[in-house]
Amino acid sequence: DRPPSPVNVTVTQLKANSATVSWDVPEGDVVIGYAILQQRQDGQMQRFIREVNTTNRACVLWDLAEDADYIIQVQSIGLYGESQASKRVHFRTLKETDRLPSNSSNQGDITMEGLDKDRQLQTGEIIIIVAVLLMWAAVIALFCRQYDVIKDNDSNNNKEKTKPSSEHSTPERPSGGLLRSKVSGEGCQEGEAWGVFWGLQPGQNLALS
C-alpha cells in the first residue's frame, strides 16, 4: 500500500547557504506529501523535513554551511504510509566568492548602465525641483511688489482725504480779522460823524469840561 519512491531527484540553484531539491513521482499513485532527509557528509548536522497536504515536487533547503558536502534522500507520503527512501544524492554548496557566475563582467556592465540611468533620472528630478522653486520665488517676489504698490496707493489716498479739512480750517482766522477790522473802521466813521455834529473838523479832538 505504500507509494513508490520518488525518482529523478536533483539539486539545482546551488548557493553558499541554500539549494533547491526537486523530484518526480510515478503516475497513478496518490501522494499527499513528501519527506526529506538532509545531512552533512561529515555527520555534524542532520535535518528531517516533512510536509503533507501538498502537491509540491520541490523544496528549498536553507541555512546550509558554506562550501560543505551534503547528502539528501526523498520519500513520498501516501494515504497509507511513506515510501522507501530514494537514492542518495550528493551535492556541495558554493563559496561566498562563487556567487557570481563567470559572466559577471557583463552583468556588471548592465548594472552600471542601470546606475547611470538612475543617476540621469535623479539629475532630471533635481532640475525640475529647482525650476519649480525658482518659479515660486518669482511669484512670491511679484506678490510682495504688488502688495507694496497697493500699500503706497492706500497711504496716498489717506493723505489726500486729510488735506481738505485743514485747508477749510485755516481761512477762519483771516475772516475773523477782516470782521474785526471792519468793525473798527465803522467805529472810526461814527467818531468822525460825532465830530461833524459838534462842529469839529476832521482830525480835531473834542474836549469836554
Side-chain angles (χ1 to χ4, degrees), residues 1-140:
D1 295 335
R2 291 184 179 182
S5 301
V7 294
N8 299 328
V9 179
T10 57
V11 179
T12 58
Q13 300 181 5
L14 281 171
K15 298 180 181 179
N17 303 112
S18 64
T20 301
V21 181
S22 60
W23 62 90
D24 294 330
V25 176
E27 296 181 359
D29 295 311
V30 179
V31 177
I32 61 173
Y34 62 86
I36 299 176
L37 176 61
Q38 166 195 326
Q39 61 181 351
R40 287 184 59 168
Q41 193 170 2
D42 55 9
Q44 293 183 2
M45 186 188 72
Q46 185 174 350
R47 179 183 297 171
F48 186 74
I49 302 172
R50 180 185 175 90
E51 186 172 353
V52 295
N53 297 327
T54 179
T55 58
N56 291 336
R57 299 293 182 265
C59 178
V60 178
L61 306 177
W62 299 98
D63 298 330
L64 301 179
E66 175 189 356
D67 193 20
D69 293 320
Y70 286 89
I71 298 173
I72 59 169
Q73 288 179 289
V74 184
Q75 292 176 283
S76 296
I77 300 175
L79 296 175
Y80 303 102
E82 300 175 356
S83 68
Q84 295 291 331
S86 65
K87 295 180 179 181
R88 301 176 67 179
V89 177
H90 170 269
F91 70 93
R92 186 179 183 87
T93 56
L94 302 178
K95 297 180 180 179
E96 290 289 342
T97 56
D98 296 337
R99 285 186 174 183
L100 296 177
S102 58
N103 58 349
S104 59
S105 59
N106 296 332
Q107 291 186 355
D109 296 339
I110 295 173
T111 305
M112 290 302 295
E113 290 178 359
L115 291 175
D116 292 338
K117 290 181 180 179
D118 293 339
R119 289 175 182 175
Q120 291 177 0
L121 291 176
Q122 292 178 357
T123 304
E125 292 175 355
I126 292 173
I127 292 174
I128 293 173
I129 293 172
V130 171
V132 172
L133 293 176
L134 291 175
M135 183 176 66
W136 275 106
V139 171
I140 294 172

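In what follows, residues are counted from 1 in the order of the sequence shown. Hydrogens, waters and symmetry mates play no part in the numbers below; they use all other heavy atoms, side chains included.
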A.B. asks: Kindly check if the number of other-residue, nucleotide or ligand heavy atoms within 6.0 Å of CD (Gln84) is above 12?
C.D. replies: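 Check fails, neighbour count at 12 or below.
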A.B. asks: Output every pair passing salt bridge (charged side-chain N to carboxylate O under 4.0 Å, His left out) with a member in residues 130-139, not counting sequence neighbours, ordered by first then second residue.
C.D. replies: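 Those involving residues 130-139 do not exist here.
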A.B. asks: Other residues, nucleotides and ligands only: do more than 12 of their heavy atoms fall within 6.0 Å of CZ on Phe48?
C.D. replies: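 It does: Phe48 CZ has more than 12 such atoms within range.
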A.B. asks: Could you measure the distance from the OG atom of Ser86 to the CG atom of Asp24? Nearest 0.5 Å is fine.
C.D. replies: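 If I round to the nearest 0.5 Å, the distance is 11.5 Å.
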A.B. asks: Could you tell me which non-hydrogen atom of Ile77 sits nearest to which non-hydrogen atom of Pro3, and how far apart they are?
C.D. replies: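 Shortest heavy-atom separation between Ile77 and Pro3 comes out as C-CG, 4.3 Å.
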A.B. asks: Begin with the C-alpha distance, continue with both residues' side-chain angles, and end with the deciding distance and a verdict on side chain to side chain contact (heavy atoms under 4.5 Å, CB included) for Asp67 and Glu96.
C.D. replies: CA-CA 8 Å; Asp67 193 20; Glu96 290 289 342; over 6 Å; no
A.B. asks: Hey, which of Arg92, Arg88, Arg40 is the one that makes salt bridge (Lys or Arg N to Asp or Glu O under 4.0 Å) with Asp69?
C.D. replies: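 Answer after filtering Arg92, Arg88, Arg40: Arg92.
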A.B. asks: Would you give the length of the straight line joining atom CD1 of Ile128 to atom CD1 of Ile126, rounded to the nearest 0.5 angstrom?
C.D. replies: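 Those atoms lie 10.5 Å apart.
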A.B. asks: Please assess Trp23 against Ile36 for the test side chain to side chain contact (heavy atoms under 4.5 Å, CB included), listing each intermediate value before the final yes or no.
C.D. replies: CA-CA 11 Å; Trp23 62 90; Ile36 299 176; 4.0 Å; yes
A.B. asks: Taking Ala65's backbone N and O only, do any of them form a donor-acceptor pair with Tyr70's side chain (distance below 3.5 Å, no angle check)?
C.D. replies: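 Such a contact is found between Tyr70 side chain and Ala65 backbone.
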A.B. asks: Could you grab the distance from atom CG of Leu79 to atom CZ of Arg2, nearest 0.5 Å is fine?
C.D. replies: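 Between atom CG of Leu79 and atom CZ of Arg2 there are 14.0 Å.
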A.B. asks: Which pair of non-hydrogen atoms, one from Ala85 and one from Gln73, has the smallest distance, and what is that distance?
C.D. replies: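 That closest heavy-atom pairing would be CB-NE2, 3.8 Å.
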A.B. asks: Before you tell me yes or no, could you show the steps for Thr20 and Thr12 under side chain to side chain donor-acceptor pair (under 3.5 Å), namely the whole-Å CA-CA distance, both residues' side-chain angles and the distance that decides it to 0.1 Å?
C.D. replies: CA-CA 5 Å; Thr20 301; Thr12 58; 4.8 Å; no
A.B. asks: Passes side chain to side chain contact (heavy atoms under 4.5 Å, CB included), Lys87 versus Val9? Steps please.
C.D. replies: CA-CA 8 Å; Lys87 295 180 179 181; Val9 179; over 6 Å; no
A.B. asks: Picking from Pro26, Ser83, Ser76, what satisfies side-chain contact (heavy atoms from CB on, under 4.5 Å) with Pro4?
C.D. replies: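 It is Pro26, the one option of Pro26, Ser83, Ser76 that forms the side-chain contact (heavy atoms from CB on, under 4.5 Å) with Pro4.
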A.B. asks: List the atom of Thr93, the atom of Lys15, and the distance in Å for their closest heavy-atom pair.
C.D. replies: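 Shortest heavy-atom contact: CB-O, 3.5 Å.
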A.B. asks: I need the Gln39 CD to Ile72 CD1 distance, nearest 0.5 Å.
C.D. replies: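 One finds 11.0 Å between CD of Gln39 and CD1 of Ile72.
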A.B. asks: To the nearest 0.5 Å, tell me how far Glu66 CD sits from Thr97 OG1.
C.D. replies: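 These two atoms lie 7.5 Å from each other.
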A.B. asks: Taking only distance into account, with no hydrogens and no angle test, what donor-acceptor pairs under 3.5 Å do side-chain atoms of residues 55-64 form with protein atoms, sequence neighbours excluded?
C.D. replies:
from	atom 1	to	atom 2	distance (Å)
Asn56	ND2	Thr54	OG1	3.2
Arg57	NH1	Thr55	O	3.0

A.B. asks: Where do Ile32 and Gly78 come nearest, in terms of heavy atoms and distance?
C.D. replies: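 In this case the closest contact between Ile32 and Gly78 is CD1-O, 3.6 Å.
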